[in-house]
Amino acid sequence: RRRHTRLQGDWSSDVCSSDLSFALMHAPTDARVAGVVAYAPYASLAEAVDTFRIMICRLVPSAWLRRGFDATANQLGFIIEEQSAEPAMSSMRVPVLLISGDRDIHLPTERHTRHLSTLISPDLGQYVEVAGAGHLSIIRKHWPELDEQVRAFCARVSAQVDSELSLSSTSTTQASR
């Protein structure tokens with residue numbers, strides 16, 4: 001029901017911050033993406049790892065934890081430092097709705113979602129911070145105002161896509177005459 005990401009024309013639910021950050025990273029270069037609704041995405045995976053370390057295992061040295069993450073990432077074929085939504089935000093070509101809770105201790109909004117909102121063009125990016133919501137409660141609790149904002153955003157994106165398809169169809173018809 002919540003955390004909807006329209007990616008490749010499908011609605012998928014129950015995705016996590018890493019899926020949403022991945023969608024943000026690829027949206028500027030993937031023509032199939034019409035818009036992104038991202039609930040609490042991380043700004044960068046390296047920053048997210050550090051945030052979780054501070055919150056969950058403060059006594060574990062950062063270098064030790066990073067060695068484990070780096071080794072796993074290497075086995076999976078990627079580099080943690082390259083997993084960042086930050087560079088993509090400045091080249092974004094589609095509308096983006098970034099949503100976070102003001103009580104998110106997992107991915108504090110000032111280091112992640114709000115930070116990302118400062119990197120995108122104001123005519124494409126919209127940022128919503130839900131008062132009283134944490135990282136998990138933002139998807140588990142009903143927030144009527146947020147639901148309405150997501151519906152309105154999706155309606156605008158759908159109308160924009162319909163308009164572009166209509167213009168494309170009209171120009172194709174005129175060109176064939």
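Positions are given from 1, in the same order as the sequence printed here.
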Which of these, L146, D102, D104, sits in a side chain to side chain contact (heavy atoms under 4.5 Å, CB included) with I138?
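Of L146, D102, D104, side chain to side chain contact (heavy atoms under 4.5 Å, CB included) with I138 is met by L146 alone.
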
* Asked: Should we count CZ of R111 as having more than 12 external heavy atoms under 6.0 Å?
  ->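 Enclosed: over 12 neighbouring heavy atoms sit under 6.0 Å from CZ of R111.
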
Do [X] side-chain atoms and [Y] backbone N/O form a donor-acceptor pair below 3.5 Å?
| X | Y | answer |
| --- | --- | --- |
| S163 | A159 | no |
| S137 | A133 | no |
| H115 | E110 | no |
| S158 | A155 | no |
| W143 | A131 | no |

So [Y] and [X], do their side chains get closer than 4.5 Å, heavy atoms only?
| X | Y | result |
| --- | --- | --- |
| V150 | C154 | yes |
| L107 | F52 | yes |
| M92 | V36 | no |
| Q126 | V96 | no |
| R66 | V49 | yes |
| R156 | P95 | no |

Using every non-hydrogen atom in the two residues, find where [X] and [Y] come nearest and quote the distance to one decimal.
| X | Y | answer |
| --- | --- | --- |
| H112 | P41 | CB-O, 3.5 Å |
| L24 | A85 | CB-CB, 4.0 Å |
| V94 | A27 | CG2-CB, 4.1 Å |
| E129 | G101 | CG-C, 4.3 Å |

Between [atom1] on residue [X] and [atom2] on residue [Y], distance to nearest 0.5 Å:
| X | Y | atom1 | atom2 | result |
| --- | --- | --- | --- | --- |
| S44 | M25 | OG | CE | 9.0 Å |
| L136 | Y39 | CG | OH | 14.0 Å |
| E86 | Y42 | CD | OH | 11.0 Å |

Could you state whether [X] and [Y] fall into the same hydrophobic cluster, counting links through intermediate Ile, Leu, Val, Met, Phe, Trp or Tyr residues with side-chain heavy atoms under 4.5 angstrom apart?
| X | Y | answer |
| --- | --- | --- |
| L124 | L98 | yes |
| I80 | W64 | yes |
| F69 | F78 | yes |
| L45 | I105 | yes |

Pair E145, Q149: side-chain N/O donor-acceptor within cut-off below 3.5 Å: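 Checked: E145/Q149 side chains show no N/O donor-acceptor pair below 3.5 Å.
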
What pairs meet the side chain to side chain donor-acceptor pair (under 3.5 Å) rule with one or both residues in residues 91-100, with sequence neighbours excluded?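 Applying side chain to side chain donor-acceptor pair (under 3.5 Å) to every pair that reaches into residues 91-100, excluding sequence neighbours, yields S100-T109, S100-Y127.
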
| query | Excluding sequence neighbours, so at least two apart, what forms side chain to side chain donor-acceptor pair (under 3.5 Å) with D162? | reply |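 Side chain to side chain donor-acceptor pair (under 3.5 Å) list for D162, sorted by chain: empty.
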
Going by the rule side chain to side chain donor-acceptor pair (under 3.5 Å), which residues pair with Q83 if we only count those two or more places apart in sequence or in a different chain?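 If we apply the side chain to side chain donor-acceptor pair (under 3.5 Å) test to Q83, skipping adjacent residues, there are no hits.
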
